[in-house]
Amino acid sequence: MARVLSYLDAIGEALTQEMRRDPAVVVFGEDNIGGTGTNGKLGNAWGPTKGLHQEFPDQIFDAPITEAAFVGAAVGAAATGLRPVADLLFVDFAGVCFDQILNQAAKLRYMVGGKASVPLVLRAMWGTGMRRGAQHSQALYPIFAHIPGLKVVVPASPADAKGLMITAIRDQDPVIFFEHKMLYFSHGVVPEEPYEIPFGKARIVREGGDCTIVAIGRMVAEAETAAEQLAADGVSCEIIDPRTVSPLDEETIYASVRRTGHLVVVDESNPRCSAASDIGSLVAQNVFDALRGPVRMVTSPHAPTPFSPALEDAYAPSAARISEAVQAVLRRAVAA
Amino acid sequence: MARVLSYLDAIGEALTQEMRRDPAVVVFGEDNIGGTGTNGKLGNAWGPTKGLHQEFPDQIFDAPITEAAFVGAAVGAAATGLRPVADLLFVDFAGVCFDQILNQAAKLRYMVGGKASVPLVLRAMWGTGMRRGAQHSQALYPIFAHIPGLKVVVPASPADAKGLMITAIRDQDPVIFFEHKMLYFSHGVVPEEPYEIPFGKARIVREGGDCTIVAIGRMVAEAETAAEQLAADGVSCEIIDPRTVSPLDEETIYASVRRTGHLVVVDESNPRCSAASDIGSLVAQNVFDALRGPVRMVTSPHAPTPFSPALEDAYAPSAARISEAVQAVLRRAVAA
Amino acid sequence: MTNHRDAVAAGRELLIEIYRTMRTIREFEDRVHTEFAGEDIPGAVHLYAGQEAIAAGVCSVLSDDDYIASTHRGHGHAVAKGCDVTGMMLELYGKSGGLCGGKGGSMHIADFDRGMLGANGVAAGGVPLAAGAALSAKVRGTDQVAVAFLGDGGANQGAFAESLVLAVVWQLPVVFVVEDNGFAQATGTSFHLAGKQIALRGEAVGIPSRVVDGYDVFAVRQAAAEAVERARSGGGPTLLECKADRFYGHMEGWDQQAYRLESEIDELRSSHDCVKLFADRVLADESLTAEELSAVDAAVRARIDAAVEEARNAKEPDISELLTDVYASY
Amino acid sequence: MTNHRDAVAAGRELLIEIYRTMRTIREFEDRVHTEFAGEDIPGAVHLYAGQEAIAAGVCSVLSDDDYIASTHRGHGHAVAKGCDVTGMMLELYGKSGGLCGGKGGSMHIADFDRGMLGANGVAAGGVPLAAGAALSAKVRGTDQVAVAFLGDGGANQGAFAESLVLAVVWQLPVVFVVEDNGFAQATGTSFHLAGKQIALRGEAVGIPSRVVDGYDVFAVRQAAAEAVERARSGGGPTLLECKADRFYGHMEGWDQQAYRLESEIDELRSSHDCVKLFADRVLADESLTAEELSAVDAAVRARIDAAVEEARNAKEPDISELLTDVYASY
Ligand SMILES: Cc1ncc(C[n+]2csc(CCOP(=O)(O)OP(=O)(O)O)c2C)c(N)n1
Ligand SMILES: Cc1ncc(C[n+]2csc(CCOP(=O)(O)OP(=O)(O)O)c2C)c(N)n1
Ligand SMILES: [Mg+2]
Ligand SMILES: [Mg+2]
């Protein structure tokens, strides 16, 4: 019988299975065990590492609030035989250790002419919706996708979260693993045995012939809602979840646009130099002839994330805005 | 008589005139004076601040290698009455103080509901060509353009460098000011009196009717060389230098593409989620109907910058690659 | 407890003000705790209850135009620096009329008119900002002083270490107030500080540094007065390491404090309640009367009641606010 | 100078090895200085001449499979850790066959087979990497040790401060070697360290820390031996602050050292040349002969000559290398 797991537990299971398989897999971050140095109970971790210290006391540890040091240590450890999974908590905190990501992790293999590799995973919670304000709600994957040497993974479902995490741990390059905070308690069927989902292979979430929607992370579900509504109006959308923003599965996107002639990209990040603009421009460069109308990008605005629920609810793309975009794109094509 | 100045001296002149005008303008960074704490001569600064300490002993100071602290201090000082110009040296070092840029400088005004502003300038040297290797040659402006709240200025000529620096200092928002290391000793006519060049107003470097080339920073000169060669073949290119990547003068680009029907974007940065992809996708979204063929992006490859001169020379876009791109775009349009 | 002759000498008015500040913080936090449980307050809320003597003691020696930069656990600092509690409460509720128009929330409460440069969502993220405000005061030639609050956990951040260096090299009028409350989330200081005092880190770079009993508002006030005087008179930075544990968990709705023994919390609340300690003392030495304290209690309660009431009934910010206060190119 | 009975007792072979290391670094750097002036060498080159005793002393107590992480001024560390000087020279010239295939250059020289994890273009950027290599050794259960080299200027970086904390909290087998050469670019330590020793920063977080005469290879070796022994035996991190000024400017072709008095440099070269000091001493106490030293000199010179010759004549890397060693999605 198909087993249902939360996105959070799916990640935890991936970590467990990989630590069990390979003692070189180590996991650390602030409160990754939780309670170290207190008189109370150990194991007050939050997120996917909760409880793992019992089975893996030598592979999982708490870190002081020293991201530059422990992310850098992950780089050094990765280059000398371990496969560290470091936890940033919120991706926003990449700010305090960005040099170690940008200049050390990403570049080491290239700078030393391939004589070392950096098989590390950096876990990072992202996204809007939890009323966390401007410094705890960012997407930021476009920034990491811009940086050569990094791989950027943005799973949208529990099954993908598990399979992509296993691939990330086994990969030879530094991987930034984006966990959407609003997906943690979403559920889905997740196979029990370990499995890999290859990087750079998109998932076709829904097939359709009128318009291609590329959606990332939490936006996949919004796109599905929009597609349902549009289907009722007789518009058939194809939804593609790239799964990994870098590498990007260009071919699956191109093939779809060749069929539909229309592209809407839905990206929770800010608009400028975004994943949406990246995909939009690639299509405009490489499958221009298939386009029967303008590409359309649906993103958050060029503004920090507001705290107020009323404002935050209007910030990220919604099913309604996606529907509108698809309709605008198609209306225009008919008019033309 | 028109006065000729280097790009470097043009920036120095802007700093001088603004410090003279307003005692709230302060300038600091590592070796911004140079020689502090030594027995030798003071004034061993490098770059545009050389010599300025003599006129402005109370407005310019050396900082220890504490970018997170002094860039953060620039934020705090800007929010409380000063107009700091902080010097990062190489933009690559943004890594060690990225939190202060991403989460503090960029977001403060928004987070506090407009009750404060952050009028600071962060000077940053960028670009390839000086055989500095992977950690001293990056472009990175796409990363800053992605971040709401920041303004991103990339002057391509001495006159622009001066006028844009003056505007940057007088602006109420944090400005990242990109100085291309290979342009420092380029010369051009620069007016002596202080003047502002508005943000978000592109410069039409050359008019032409066959293809629009948007080029940034050092790439403007490469585009000009390419345009010369192409003109000899009867191809007339319009070159647009956006001057500021954020805000971006979309209208000037759109107007040009409406005339030419073709777009090539030349961007020294890495390709993914880049300024090139940003501009390419905006055109594909907003002036699609004017396009008579695919947009084309000419960038550095998705790889760190190699040290070896032989490799580095093949890394950034060149006049030859720009010509090729224009020709490919036009050839395709003819064939179609 | 310290000798508090100075405080007493300063007179009833000051004592009452200090009490009012501490009581206001406590009442604000207790009430936010309740309202949060009722799911009225959105977002991430970190309560300061238990540490009131630190904010109250430090801010009691600051003027309105001095600066403070705060942390994610910032309500106490904001109250002590004179921010309006109704504006704060509105902000916590994300409502129009909040101190930041609802755009900031608990983690970004600020009031520049009161020199409160903002709570901060990044550990030690505000410390360099305080250094910058101090630089600003120095360059502008005022005698303003800036205080950087941070936690024991935040003290392990590079930005703090660098700010210490910058402050001493530039001789900035800044006071670093490290609040050691025993924990960084669920991690204990005995682990993450490896048994060492943070004050040593100040001393190591040449900054006069002291460890202070953070339950004792008089001790904090005395140490802060010296530090602020040093800063104002051009003597450069000081570091104060104030020790006082928090009453609640790290973050509302997040932890059950399983990492603490229940007896630890009981003992904390019964023997180390800085508000009670203050009251006991001023009553014992008869510098204030029970009536005076009750009057403050009642006034504070009414003020917080009114703030909650107003916050509940306030309007949401207008959607157009989404795109104000930022340059939006599209 | 320290008592060097231990070194002498270790015998001629060790003494000759130490001398060879120091002489190789000096010859390499002097020659690079000349070649750079001739504009044969591209890029940014920071010379280590003057500080040889530090790299040589520290690395003399390391095994091949111990790790070091280095700085922008990394040639000395690389030589001392056993990197091939021809491979290094080819790398400086950006040629095929260089230690990093020409992709790294002077600022990124690395040789993982020798435990040399790389020079680094970011001040203190390599320090966390060394902590990570130490973690790796600890988790894998080997007795390997990691050394982080950094400069006085780099010691002001947050990444260094955080690494000290991480190393002590995790009890990592790592040694921090801070080389105080008096300057960070043109800025003097008397300004940027505010007159304090960096060793105090180690002590402040609980790391045994010592100031060492960096001109005296025996002193360095002794201090390093203790530190490495502590690390190997599970005793955790150590910090060594080694003092020795550089002979050349900050970066080749960049500065005329106007920030130093000429007399300072003269005095440095005449009285604080660690290679001369070593030679004087081993000759004075007759532990080595002048002939032995000359033989080393000649061999070293020939080796460097050959390296330069080979580097000049080597091929440029093939253009296809541009896109290797990185995942390129397009
Ligand atoms: C740079 C950074 N890393 C991690 C976090 C997540 N975080 C929020 S509060 C906290 C603990 C802070 O501890 P401390 O500084 O002692 O303050 P306290 O909560 O005890 O007041 C952590 C780790 C953060 N906000 N910023
Ligand atoms: C984070 C960072 N900031 C600035 C620089 C520019 N820079 C290169 S070397 C240097 C001075 C370093 O001084 P120190 O650490 O004492 O090393 P030394 O050059 O004296 O060996 C500076 C400021 C850098 N490389 N990295
Ligand atoms: Mg704490
Ligand atoms: Mg130095």
Side-chain angles (χ1 to χ4, degrees), chain B residues 29-46 61-70 72 89-90 92-97 99-100 130-138 270-272 277 297 299-315, chain D residues 42-44 91 93-96 98 100-108 120-125 151 153-159 182-194 254-264 316-319 321-330:
Chain B
E30 290 145 30
D31 281 340
N32 260 21
I33 301 175
T36 304
T38 71
N39 291 324
K41 243 181 32 199
L42 208 62
N44 290 279
W46 53 322
F61 8 97
D62 280 348
I65 312 182
T66 54
E67 285 86 354
F70 76 68
L89 299 179
F90 294 80
D92 315 69
F93 306 153
V96 299
C97 54
D99 175 64
Q100 293 295 326
M130 221 186 226
R131 289 70 170 97
R132 282 294 185 276
Q135 292 175 338
H136 287 72
S137 305
Q138 294 171 87
N270 301 115
R272 306 288 322 276
S277 72
M297 299 171 281
T299 67
S300 296
H302 193 60
T305 313
F307 163 68
S308 171
L311 296 178
E312 195 188 24
D313 288 342
Y315 182 80
Chain D
E91 191 58 36
Y93 276 76
K95 294 294 183 72
S96 177
C100 307
K103 280 175 164 170
S106 165
M107 276 197 288
H108 303 296
N120 213 302
V122 179
N156 280 333
Q157 277 286 298
F183 304 93
Q185 295 184 166
T187 300
T189 48
S190 75
F191 172 73
H192 78 73
L193 296 180
W254 178 73
D255 65 339
Q256 270 57 57
Q257 304 212 60
Y259 49 87
R260 292 168 98 171
L261 302 177
E262 246 186 85
S263 57
E264 241 176 278
E316 309 283 357
D318 190 89
I319 283 304
E321 293 285 314
L322 194 56
L323 294 181
T324 58
D325 307 321
V326 62
Y327 169 77
S329 81
Y330 68 172

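When reading the values below, keep in mind they use all heavy atoms of this one structure, side chains included, and skip hydrogens, waters and symmetry mates.
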Discussion item. Under 3.5 Å, is there a donor on one side chain and an acceptor on the other for B:Thr66 and D:Asn156?
Written reply: no
Fill in: Residue of the set B:Pro306, B:Pro304, B:Pro301 for which side chain to side chain contact (heavy atoms under 4.5 Å, CB included) holds with D:Val326
B:Pro304
Worksheet, complete the sentence: chain D shares the most heavy-atom pairs under 4.5 Å, among B:Ala310, B:Gly43, B:Ala134, with B:Ala310
Worksheet entry | Steps toward side-chain contact (heavy atoms from CB on, under 4.5 Å) verdict (B:Gln135, D:Asn120) | CA-CA 8 Å; B:Gln135 292 175 338; D:Asn120 213 302; 3.3 Å; yes
Worksheet entry | chain B contact via D:Leu323 - side chain, backbone, both or neither, heavy atoms under 4.5 Å | side chain
Discussion item. I'd like to know whether B:Asn44 forms a side-chain contact (heavy atoms from CB on, under 4.5 Å) with D:Asp255, so could you lay out the CA-CA distance, the side-chain angles of the two residues, the decisive distance to 0.1 Å, and finally the verdict.
Written reply: CA-CA 8 Å; B:Asn44 290 279; D:Asp255 65 339; over 6 Å; no
Discussion item. Quick check for you: among D:Gly125, D:Gly158, D:Gly104, D:Ala123, which has the greatest number of heavy-atom pairs under 4.5 Å with chain B?
Written reply: D:Gly104
Discussion item. Looking at every heavy atom in both B:Leu311 and D:Ile319, which two are closest together, and how far apart are they?
Written reply: CD2-CA, 4.0 Å
Discussion item. Using side-chain heavy atoms (C-beta onward) and a distance below 4.5 Å, is D:Glu316 in contact with B:Asp313?
Written reply: no
Item to complete: Indicate yes or no: at least one non-hydrogen side-chain atom of D:Pro42 is less than 4.5 angstrom from one of B:Phe307.
Response: yes
Discussion item. Under 4.5 Å from any heavy atom of chain D, what part of B:Tyr315 do you find: side chain, backbone, both or neither?
Written reply: both
Worksheet item: From D:His108 NE2 over to B:His136 NE2, what is the distance, rounded to the nearest 0.5 angstrom?
Response: 7.0 Å
Fill in: Least distance between heavy atoms, B:Ile65 atom then D:Ala184 atom
CD1-CB, 4.0 Å
Discussion item. Please identify, among D:Gln157, D:Gln257, D:Glu321, the residue contributing the most non-hydrogen atom pairs under 4.5 Å to chain B.
Written reply: D:Gln157
Worksheet, complete the sentence: In short, B:Asp62 meets D:Phe191 closest at the heavy-atom pair O-CZ, 3.5 Å
Worksheet, complete the sentence: One option among D:Lys95, D:Met107, D:His192 has the most heavy-atom pairs under 4.5 Å with chain B, and it is D:Met107
Discussion item. Under a 3.5 Å distance rule, please check whether B:Asn39 uses its side chain to pair with a backbone N or O of D:Leu261 as donor and acceptor.
Written reply: no
Worksheet item: Using non-hydrogen atoms only, which part of B:Ala68 is less than 4.5 Å away from chain D: side chain, backbone, both, or neither?
Response: neither
Fill in: Main-chain N/O of D:Lys103 paired with B:Ser308 side-chain donor or acceptor, under 3.5 Å
no
Discussion item. With a 4.5 angstrom heavy-atom cut-off, is it the side chain or the backbone of B:Glu67 that approaches chain D, or both, or neither?
Written reply: both
